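Just so it is clear, the model here is predicted, and its values are computed rather than measured. Values below: every heavy atom of this structure, side chains too, minus hydrogens, waters and symmetry copies. The first residue of the sequence shown is numbered 1, and numbering continues consecutively from there.
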Amino acid sequence: AAAAVISFACASVVAYDARRRPKPDKAAWLVAFILFAVAAGSEVVGATAGWTPLLARLYYLAGAVLVVGFLALGQLYLLFPRRLAVIGPGVSLLVVAVAAALVVAAPVNPGLLASDGWHALRRDGALRAVTIALNAGGTLVVVGGSLFSAWRFWRRRTQRHRMLGCLLIALGTLIVAAGGTGTRLGRPELLYLAMAAGVAVIFGGYLEARRPDRSSLASAASVAAAGVPLAAIARSGSTAAGGEQGRRALVIADPAIVPNEPAVAFIEGSLLPLDDDALGAAVEVWSVDRAPVDRFDRVQARRAWALRLRLSPAGQAAFDAHSVPARLQVVELYHEVLAARSAPPEASGLAEVEVRPASGGRLTELPERQAVARGAG
């Protein structure tokens, strides 16, 4: 009962987060915790009202076969979002269909239901192989992925809450796996003690990971007070002989028109300390949506570097710790909203320029036409 209540609570929190900002990893984790709650609830019903073949199959499919697989799917979506976006849904549906078919086809001994509960379900052959593969492989993915993420946050010395959350999720997954191992070793009474404790630890890890890291960025104030003018992007670069003839870029043509420092202070103090999800929601309020990308193109990279140079060392570390889509969202917010004048697009200071190597090896800017700032008007 405790495991069911904790699982339902965690599913409710994940559902709230997924509703605010839908993402495939949250959808997978929502399914996983619903499965946790269904499995634990089936055990409660079976122990109090008596087991039936349907209840035994429902428990085994939800708790023993699928739940760790969906936890792993959510972890994989965090690690490989673009690659998994194409094949993830189809593979998940295939695995669920195969597992459900095997569980439905597995015979149940009615004479053992009263004494053995769900253990009356015969588990051998393909069903056993699928169960072991999903649980062993899923545990490795969740634990390994969580530890890798925690190590990455630790190395960057940023997002401490997410680092601790990843460690707790890995620990909770190991506790749940230990309960399943105890069942296979003849200690079934350990299963739900381990599941209740493990799900509680995972829930705690999820809550910890969603807490924003509001570390003090006092240097943002000093940056805001410094008043250092922003150099034009195209004028600060150089290229090897030959260059990239015909490359076009959006640049700020006149640094004098840009009120940079209040924008930088706002980004450092209010946005960069947030985690990716909270940052995305905050920036979307300013009409800048998040693009599903995993790398900058050349223009985006130049604009990102121009903003990064304006940040303090602490701000640069916080900026670098965010995902590419989050960084791109902040870059667009800075260049196209916060650092832009309230003027028509043709007077906004954004011009399309063609970058060509000059005869002296230096870059020249050849304005061709005014570009319309994204989102303006």
Side-chain angles (χ1 to χ4, degrees), residues 1-44 62-63 66-79 81 84 88-89 92 96 138-139 141-143 145-147 149-150 153 159-177 179 192-214 271 273-285 290 321-323 325-326:
V5 171
I6 295 170
S7 301
F8 180 77
C10 195
S12 300
V13 174
V14 177
Y16 173 78
D17 290 346
R19 186 169 179 266
R20 288 178 57 246
R21 185 166 183 81
K23 292 180 68 177
D25 56 284
K26 293 176 183 174
W29 277 60
L30 175 59
V31 173
F33 286 111
I34 290 175
L35 291 172
F36 259 127
V38 168
S42 299
E43 177 79 14
V44 173
L66 294 179
V67 63
V68 178
F70 274 96
L71 286 175
L73 179 64
Q75 184 69 57
L76 289 173
Y77 266 118
L78 289 174
L79 296 174
L84 215 61
S92 302
V96 170
T139 299
V141 168
V142 175
V143 174
S146 298
L147 292 178
S149 298
F153 293 135
Q159 300 194 48
R160 177 176 174 271
H161 291 302
R162 295 190 71 178
M163 180 189 72
L164 294 177
C166 289
L167 292 175
L168 289 174
I169 289 171
L171 176 61
T173 304
L174 289 175
I175 293 174
V176 173
Y192 277 98
L193 290 175
M195 180 171 284
V199 175
V201 173
I202 292 174
F203 188 21
Y206 185 85
L207 293 177
E208 180 70 17
R210 71 198 290 268
R211 291 176 59 192
D213 282 291
R214 299 184 180 277
L271 297 181
L274 303 174
D275 61 27
D276 266 20
D277 292 338
L279 183 146
V283 175
E284 284 178 355
V285 172
R290 178 167 293 183
H322 281 289
S323 65

| task | Grab the two heavy atoms, one from A62 and one from V38, that are nearest each other, plus how far apart they are. | result | CB-CG1, 4.1 Å
| field | Closest non-hydrogen atom pair, I169 against T173 | value | O-OG1, 2.8 Å
| field | Atom pair CG/SG of L171 and C166 - distance to nearest 0.5 Å | value | 13.0 Å
| task | Mind checking the CD-CZ spacing from E208 to R160? Nearest 0.5 Å is all I need. | result | 7.0 Å
| query | A72 and G138: which non-hydrogen atoms are nearest, and at how many Å? | reply | CB-CA, 3.6 Å
| request: For L73 and L84, run side chain to side chain contact (heavy atoms under 4.5 Å, CB included): C-alpha distance rounded to whole Å, both residues' side-chain angles, the deciding distance at 0.1 Å, then the answer. | output: CA-CA 9 Å; L73 179 64; L84 215 61; 3.8 Å; yes
| query | Does a salt bridge link D17 with R210, judged by any charged N lying under 4.0 Å from a carboxylate O? | reply | yes
| request: Specify the closest pair of heavy atoms between I202 and W29, including all atoms of both residues, with the distance to one decimal. | output: CG2-CZ3, 4.1 Å
| said: Are F36 and M195 packed together at the side-chain level, in the sense that at least one heavy-atom pair is separated by less than 4.5 angstrom? | reply: yes
| 4.5 Å side-chain heavy-atom contact, D276 and R162 | yes
| request: Calculate, to the nearest 0.5 Å, the distance between atoms CG and CD1 belonging to L66 and I34 respectively. | output: 13.0 Å
| Closest non-hydrogen atom pair between A32 and V67, with its separation | O-CG2, 3.3 Å
| request: Check whether any side-chain heavy atom of L167 sits under 4.5 Å from a side-chain heavy atom of F153, and report yes or no. | output: no
| note | On a heavy-atom basis, the closest approach of G74 and D25 is O-CB, 3.4 Å
| said: Is the shortest side-chain heavy-atom distance between S149 and Q75 below 4.5 Å? | reply: yes
| query | Roughly how far, to the nearest 0.5 Å, is the CG atom of L279 from the CZ atom of R21? | reply | 8.5 Å
| said: If I take atom NE2 from residue H161 and atom CG from residue L207, how far apart are they, to the nearest 0.5 angstrom? | reply: 12.5 Å
